[in-house]
2 protein chains.
Amino acid sequence: MPGFDKSQALYQRARKVIPGGIPGHQTPGLMRRGESPCFIEKAEGCRFWDVDGNTYIDYMCAYGPMILGYNHPKVEEAVQKQRLKGNCFNLPSPLLVELAEYLVALVPSADWTVFGKNGSDVTNYACQVARAHTGKKKIIMAEGAYHGIGAWCNPNTTGITEEDRVNVLTFPYNDPQALQNVVKANKDDVAGLILSPFRHDAFHDQEMPTESFLQGLRALCNPEGPVLIIDDVRAGFRLDLRGSAAYFNLHPQLNCFSKALGNGYPISACLGNKALMPSARKVYFTGSFFMSGVPMAAALATLREMAETKAVEHMFRMGEELKQGLIEQADSLKLEIHYTGPVTLPFMTFANDPAFDKAKTFCARAAQEGVFFHPSHNWFLSAAHGEEEIKQTLRATQQAFEEVKEQFA
Amino acid sequence: MPGFDKSQALYQRARKVIPGGIPGHQTPGLMRRGESPCFIEKAEGCRFWDVDGNTYIDYMCAYGPMILGYNHPKVEEAVQKQRLKGNCFNLPSPLLVELAEYLVALVPSADWTVFGKNGSDVTNYACQVARAHTGKKKIIMAEGAYHGIGAWCNPNTTGITEEDRVNVLTFPYNDPQALQNVVKANKDDVAGLILSPFRHDAFHDQEMPTESFLQGLRALCNPEGPVLIIDDVRAGFRLDLRGSAAYFNLHPQLNCFSKALGNGYPISACLGNKALMPSARKVYFTGSFFMSGVPMAAALATLREMAETKAVEHMFRMGEELKQGLIEQADSLKLEIHYTGPVTLPFMTFANDPAFDKAKTFCARAAQEGVFFHPSHNWFLSAAHGEEEIKQTLRATQQAFEEVKEQFA
């Protein structure tokens with residue numbers, strides 16, 4: 001393997017002109033220095049090449065956006081067609097209407113949509129719509145959940161005032177009684193409840209919603225209750241093409257999507273039901289690039305290709321093979337692992353690994369063997385992961401597990 | 001002219017599935033219904049074609065992003081090169097470092113940069129950095145100024161709580177005494193002062209900063225004072241390629257850019273000086289598409305082409321010709337107009353036109369004659385506007401002024 005010298009050299013240059021070198025969720029600081037790449041040269045299908053020429057089967061999928069495979073021919077063809085016409089205009093392209101109609105027909109509880117760029121754009125917007133609709137202030141979220149970088153929910157409070165958070169209430173995920181207590185205690189002032197479709201906080205094993213929690217949500221969110229907002233930014237289109245709410249038989253008033261919607265092209269969407277449309281119209285929501293045609297072309301092509309090829313079912317099959325393979329390997333080496341969440345967005349941790357040292361060893365060795373995982377953030381399957389890639393992956397993970405076994409004997 | 005039937009039909013469809021049909025700053029509601037297009041088919045150079053086949057010389061430039069011309073060959077070549085490698089990865093492409101180094105070398109007061117997608121991303125971030133750096137809370141802005149859709153500054157407060165705004169103070173633009181009074185009255189709690197480089201609020205004549213106001217700013221913003229943030233999102237690269245702060249001989253601690261930076265590709269940047277780097281590093285700033293390579297390729301190509309072709313000087317020359325032409329035409333018809341702001345981002349209003357009726361008549365007739373202006377938002381020149389286009393524009397505006405003269409005699 002050529003190592004990571006070019007990555008490290010670029011990272012040193014980056015640190016001089018960018019605070020932290022690579023800020024945000026892509027920081028290589030979550031891995032051990034020099035054991036994984038920092039910069040990527042190119043990507044194709046479910047593989048990418050780092051700047052040192054190492055190649056990997058990718059289980060992070062750009063942290064979600066890549067769902068059909070990098071550089072997917074159908075998506076790129078649609079992109080190229082719109083790109084020749086142009087991208088960012090004074091006014092939208094007709095694709096705005098086509099995509100809005102497609103999404104509203106696709107997502108069961110939705111009658112309308114707006115578009116932004118970031119996931120944060122639409123989670124912020126959804127809270128505003130909930131407040132405008134109810135005339136109330138408080139937003140409830142699960143403790144430790146990630147809903148973007150809005151001042152009200154940024155997991156890091158540096159530069160954020162207490163006033164920015166004063167209207168946010170929290171409860172422990174999957175605890176319907178605690179949720180009900182928060183609602184009761186703030187009875188006259190709860191505007192909305194924002195939740196990811198399952199618990200996928202970084203640094204934690206994932207948790208699927210319990211049936212009693214789901215029942216509590218269904219009972220709570222009626223036309224008179226708080227507005228239920230499902231933040232499907234991360235998980236959207238990997239559980240059910242109609243959105244993860246449909247997978248869990250939830251009927252939220254608002255659904256937030258982004259990441260995989262455009263297979264990597266920057267777009268986000270908030271979808272809502274009819275009752276909220278008048279309030280939604282009053283909230284001012286705009287951005288220089290919100291109406292750009294190219295990401296809308298990408299989104300339409302992505303959703304259509306996903307539907308035609310039954311991509312979600314394929315991802316479940318591949319995800320199940322990966323899961324079974326990893327569990328068998330760990331079992332046979334008597335390594336205790338937790339493999340949690342849907343198999344299309346799984347996460348694996350090691351027992352007794354509070355600082356993720358075993359996970360980092362596993363990921364570093366897997367990277368050496370040409371497979372890219374993350375030690376402390378959930379993984380992503382894509383439609384481009386096939387039988388062959390899963391087999392190749394499992395050959396790499398066998399080495400990675402053995403390395404963990406050896407180092408942490 | 002084929003009229004606007006297809007635009008209107010699409011708009012009616014849009015209204016069923018999108019609150020307001022076309023939300024935000026691109027709403028056709030600012031024009032009179034049926035007198036201007038709602039959807040755009042394609043664009044090239046300084047021209048666009050609406051869905052009904054009408055063509056226009058464009059003085060809105062996508063509300064700023066287009067600066068070299070739509071579909072500019074140099075920009076598109078750089079985009080295509082990166083696009084074949086890929087756009088959105090798990091980690092940045094090397095272009096992150098190249099663009100950061102280029103910008104830091106270009107903008108006089110900057111030692112570092114971060115990247116986002118929207119202008120709002122970086123104005124929000126800048127306020128957080130100012131608070132992190134000073135340990136103080138209050139942000140001062142000019143009354144009525146636009147700094148994005150952050151809850152602290154969205155011009156429309158629907159869905160926004162009073163707590164979101166409690167740390168924002170305002171003063172009347174160009175009033176150094178009033179500004180000083182606000183600072184004094186909140187002496188121990190002012191984190192930052194955010195200002196556009198000149199006053200370019202929609203629905204208002206533009207105002208350049210007076211020399212005494214600029215002097216006040218220079219005195220106020222010292223290492224011990226509030227952090228000066230120049231929001232150059234709208235005006236950036238149209239006054240001076242080094243940023244508008246350089247044009248006004250200001251040395252802000254933070255500069256925000258977006259719009260024209262990538263000639264229409266979605267990217268924003270906050271640049272800061274060395275003293276703020278440790279605080280900047282602590283603010284968590286991230287988004288699914290922040291590190292995408294294609295907009296960074298576009299930004300590098302745009303800035304290089306602007307520098308090589310002396311695009312800013314060209315825009316000033318063309319802007320001056322447009323201004324002189326319009327003023328002469330109005331004068332000769334004895335129409336009183338206000339032509340304000342830099343000639344590269346001018347705005348024209350009519351005297352005694354509180355509801356912008358004359359302006360709407362002017363814009364509607366200009367559109368009929370193949371020139372696209374806005375009645376209540378500043379205009380934009382681009383490097384693709386040449387002598388020929390200015391001449392063609394002035395033939396159209398002669399008709400438009402005559403129509404105003406006739407209708408409002």
Side-chain angles (χ1 to χ4, degrees), chain A residues 10 13-14 17-20 22-26 38-40 42-43 51 60 62 65 70-71 85-94 97 100-101 104 112 114 117-119 128 131-132 137 154 156 158-159 161 163 166-167 258-259 264 266 277 280-289 291, chain B residues 10 13-14 17-20 22-26 38-40 42-43 51 60 62 65 70-71 85-94 97 100-101 104 112 114 117-119 128 131-132 137 154 156 158-159 161 163 166-167 258-259 264 266 277 280-289 291:
Chain A
L10 274 167
R13 277 170 61 192
V17 286
I18 300 169
I22 301 175
H25 67 286
Q26 300 185 331
C38 306
F39 290 88
I40 292 179
K42 63 173 181 166
V51 290
M60 290 310 291
Y70 295 107
N71 205 8
K85 297 179 180 176
N87 185 15
C88 181
F89 302 140
N90 294 332
L91 294 158
S93 84
V97 185
E101 289 174 346
V104 164
W112 55 264
V114 298
K117 289 286 106 182
N118 303 309
Q128 285 179 250
R131 286 177 173 138
K137 277 188 187 179
N154 194 317
N156 173 332
T158 306
T161 68
E163 289 83 357
V166 77
N167 289 311
S258 180
K259 288 196 180 279
M277 198 165 179
R281 191 179 172 159
K282 286 180 205 144
V283 174
Y284 189 66
F285 186 63
T286 199
S288 301
F289 311 111
M291 293 293 131
Chain B
L10 274 167
R13 277 170 60 194
V17 286
I18 300 168
I22 301 174
H25 68 285
Q26 300 185 331
C38 307
F39 291 88
I40 291 179
K42 62 173 180 168
V51 289
M60 291 310 291
Y70 293 107
N71 206 6
K85 297 179 181 177
N87 184 16
C88 181
F89 302 139
N90 295 332
L91 294 159
S93 84
V97 185
E101 288 174 346
V104 164
W112 55 264
V114 298
K117 289 286 106 182
N118 303 309
Q128 285 180 251
R131 285 177 172 140
K137 278 188 187 178
N154 193 315
N156 173 332
T158 306
T161 68
E163 289 83 357
V166 77
N167 289 312
S258 181
K259 288 196 181 277
M277 199 165 179
R281 191 179 172 160
K282 288 181 205 142
V283 174
Y284 189 65
F285 186 64
T286 197
S288 302
F289 311 112
M291 293 293 132

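Letters A, B, ... mirror the listed sequences (proteins, then strands); counts begin at 1. Because the structure is a prediction, the values reported are computed rather than measured.
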Taking the side chain as everything from C-beta on, heavy atoms only, tell me whether [X] gets closer than 4.5 Å to [Y].
{"X": "B:Ser258", "Y": "B:Asn118", "value": "no"}
{"X": "A:Tyr284", "Y": "B:His25", "value": "yes"}
{"X": "A:Cys38", "Y": "A:Gln26", "value": "no"}
{"X": "B:Trp112", "Y": "A:Pro19", "value": "yes"}

Winner by heavy-atom pair count (cut-off under 4.5 Å) against chain A, out of [options]:
{"options": "B:Val51, B:Val166, B:Val283, B:Val104", "result": "B:Val283"}
{"options": "B:Ala100, B:Pro92, B:Gly119, B:Ser288", "result": "B:Pro92"}
{"options": "B:Ala132, B:Ala14, B:Ala43", "result": "B:Ala43"}
{"options": "B:Gly20, B:Gly86, B:Ala280", "result": "B:Gly20"}

Heavy-atom pairs under 4.5 Å with chain B - which of [options] has more of them than the others?
{"options": "A:Asn90, A:Thr286, A:Val97", "value": "A:Asn90"}
{"options": "A:Asn154, A:Asn71, A:Asn87", "value": "A:Asn154"}
{"options": "A:Arg131, A:Lys42, A:Glu163", "value": "A:Glu163"}
{"options": "A:Lys259, A:Met60, A:Gln128, A:Lys117", "value": "A:Gln128"}

Please enumerate all residues that pass salt bridge (charged side-chain N to carboxylate O under 4.0 Å, His left out) together with A:Lys85, with sequence neighbours excluded.
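Listed in chain order: B:Glu41.
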Counting only non-hydrogen atoms closer than 4.5 Å, does B:Phe89 touch chain A with its backbone (N, CA, C, O), its side chain (CB onward), both, or neither?
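Its backbone and side chain both get close to chain A.
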Under 4.5 Å heavy-atom distance to chain A, tell me which part of B:Phe39 shows up: side chain, backbone, both or neither.
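For B:Phe39, the contact with chain A is made by backbone and side chain together.
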Restricting to non-hydrogen atoms, name the atom on B:Glu101 and the atom on A:Val17 that form the minimum distance, rounded to 0.1 Å.
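Here B:Glu101 and A:Val17 meet closest at CG-CG2, 4.0 Å.
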CD1-CE distance between B:Ile18 and A:Met277, expressed to the nearest 0.5 angstrom
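If I round to the nearest 0.5 Å, the distance is 8.0 Å.
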Part of A:Tyr70 lying under 4.5 Å from any heavy atom of chain B:
side chain
